[in-house]
Enquirer: 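Can you keep this structure in mind? I'll have questions shortly.
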Amino acid sequence: MENAFVSVAELSRRLMNREVSAVELARGYLERIEAHKSLNAFLDVRPEETLKQAEAADRLIAEGKAGPLAGVPIAHKDIFVTKEWASTAASRMLEGYMSPFDATVVRQLKAAGMVCLGKLNCDEFAMGSGNENSAYGRVGNPWDANAVPGGSSGGSAAAVAAGLAPIVTGTDTGGSIREPASFTGVTGMKPTYGRPSRLGMIAFASSLDTAGLLAHSAEDCALVLGSMVGHDPWDSTSVDMPAEDFTRDLEKPVKGMRIGVPRSWMGEGLDAEVRASIDAALDFYRREGAEIVDIELPMAKLGVPVYYVVACAEASTNLSRYDGVRYGHRAAEYTDIESMMKRSRDEGFGAEPKRRIMIGTYVLSHGYYDAYYLKAQRVRRLIAQEFHETFRRVDAIACPVSTGTAYDFGANADPVSAYLSDLYTVPASLAGLPGVAMPCGIHSNGRPIGLQLLGEHFTEARLLQLAHAWQRATDWHQRRPAGY
Ligand code: GLN
């Protein structure tokens, strides 16, 4: 299929000029999804529903009523509920669940005329960093059969990297867009917490969960982001801000910008080749006239313990709704209501959600609440303050996404080592900051290397501008894994 790795911008142009129809595009991607089924990136594909949406988009285009995204295919992480596709959060608990409504983000992108290709695999309830926790099997990394695609939006990242969709949604609670983007050589955008609606996003940790995008470039993220954010009166943490055009600053020079680099993140523990690739990107920004300044983020070191207290506490509360009564899995055999709930939860949840429910219940319990949960909330505030103070001196922060490239399947089987690997992504999540991850090199092990850009609340346009400047000058984002 000749359109497989084409940008959203170019697909939109071809659709408007009638060089290709939405139905042809959808068919092409559906064929590729089928051909690369072994990646296990998709959990639910329903060609008849996709083609219905594509036909509707073609009609709008023919009538001259179509917006720029009409007919452009997209796929959604299986954390977003959808009316026409099953919504499972990659859990047995929600196997085959059909939602009576679309998540706000899904509804908005549908209203923009985008055509849904199906639902994407992920870690169960978005808990994980390698997509090894899905109840429906792991997802392959198109770059290397032994490497994880990253998580929890692993299906999302693999789908873009393999050319199975030009752009996809993901969710980022503690790094789940940025880390898989980095592990698969694609561009990921996590907006400011509260900017995209959380309505219809199956909840993991409500004070952190943020919808976002993964695509081939920052420009493509900018084109679609405008249609996915906006105030939602049905989400109490939705930010009431006027819509903005995220492409407006893309072509502006980055001259004069101040980019902070947390020096301690660039030292011990960071893979030498990852460091060299990030340094090359920093040199590029310097040559473009940006000022690179050293910063320190001493509180951010506490991000991992704080995140795993807060996220597990919220997860234990959110997952209590799966009791076998209202929706989700119900055990076939039980004696009374208590055994029904216990057995349903035991059968429905995998090991990682169970672990987090136990941690969360513990830190919220009487006698431990002050020592763990309350203390974590206080430190969370200090981490956020440290970022806000830093952003008075710098326009953005550039740093690694991860200490290395994608790791091998099974290498992070110990939960503590898996949690520790989130050290560069969770601090920004705790502060609700927007972030971009984009490719900046390929390691001698053949796996992509990512660079992370972080900004103050609501500076998405500036982060996309910085990322676009790099992508205009380099072709890392255009590299493709062999065999795709
Ligand atoms: N890896 C982190 C976790 O396991 C982040 C997950 C996420 O952002 N959804 O919680």
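Values below: all heavy atoms of this structure, side chains included; hydrogens, waters and symmetry mates excluded. When a ligand or atom number is given, it counts from 1 through the structure's own listing order.
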Enquirer: Which bit of A126 is near ligand 1, meaning a heavy atom under 4.0 Å away: side chain, backbone, both or neither?
Expert: both
Enquirer: Based purely on interatomic distance, does T171 place a nitrogen or oxygen under 3.5 Å from a nitrogen or oxygen of ligand 1?
Expert: no
Enquirer: In terms of atom number and element, which parts of ligand 1 are under 4.0 angstrom from non-hydrogen atoms of S129?
Expert: 1 (N)
Enquirer: Please say whether S176 places an N or O atom under 3.5 Å from an N or O atom belonging to ligand 1.
Expert: yes
Enquirer: Could you tell me whether R356 approaches ligand 1 through its side chain, its backbone, both or neither, with non-hydrogen atoms closer than 4.0 Å?
Expert: side chain
Enquirer: Could you check atom 5 (C) of ligand 1 against the protein and tell me its nearest heavy-atom contact, residue, atom and distance included?
Expert: Y307 OH, 3.4 Å
Enquirer: In this structure, does ligand 1 have an atom that sits under 4.0 Å from one of the heavy atoms of E179?
Expert: no
Enquirer: Verify the distance criterion only: is there a donor paired with an acceptor across the side chains of H216 and Q478 at less than 3.5 Å?
Expert: no
Enquirer: Would you say the side chains of K77 and S152 form a donor-acceptor pair under 3.5 Å?
Expert: yes
Enquirer: Between F204 and ligand 1, is there a nitrogen or oxygen pair with a distance under 3.5 Å?
Expert: no
Enquirer: Which option wins on minimum heavy-atom distance to atom 8 (O) of ligand 1: G150, G174, A315?
Expert: G174
Enquirer: Where do G328 and L94 come nearest, in terms of heavy atoms and distance?
Expert: CA-CD2, 4.2 Å
Enquirer: Which heavy-atom pair separates G188 from A181 by the least distance, and what is that distance?
Expert: N-CB, 3.7 Å
Enquirer: Could you tell me whether R198 and D232 have a side-chain N and a carboxylate O separated by less than 4.0 Å?
Expert: no
Enquirer: Does ligand 1 have any atom sitting under 4.0 Å from a heavy atom of Y419?
Expert: no
Enquirer: Check the side chains of S227 and Q108 for a donor-acceptor pair under 3.5 angstrom, ignoring hydrogens and angles.
Expert: no
Enquirer: Is R447 salt-bridged to D408, going by a charged N under 4.0 Å from an acidic O?
Expert: yes
Enquirer: Return yes or no for this condition: an N or O of M127 is under 3.5 Å from an N or O of ligand 1.
Expert: no
Enquirer: Of the protein's non-hydrogen atoms, which lies at the shortest distance from atom 3 (C) of ligand 1, and what is that distance?
Expert: Y308 OH, 3.2 Å
Enquirer: Write out the residue and atom name of the closest protein heavy atom to atom 2 (C) of ligand 1, then the distance separating them to 0.1 Å.
Expert: D422 OD2, 3.2 Å
Enquirer: For the backbone of L423 and the side chain of W265, can you confirm whether one donor and one acceptor N or O come within less than 3.5 Å of each other?
Expert: no
Enquirer: Does any donor atom in the side chain of D422 or S129 lie under 3.5 Å from an acceptor atom in the other side chain?
Expert: yes
Enquirer: Would you say A311 contacts ligand 1, with heavy atoms under 4.0 Å as the rule?
Expert: no
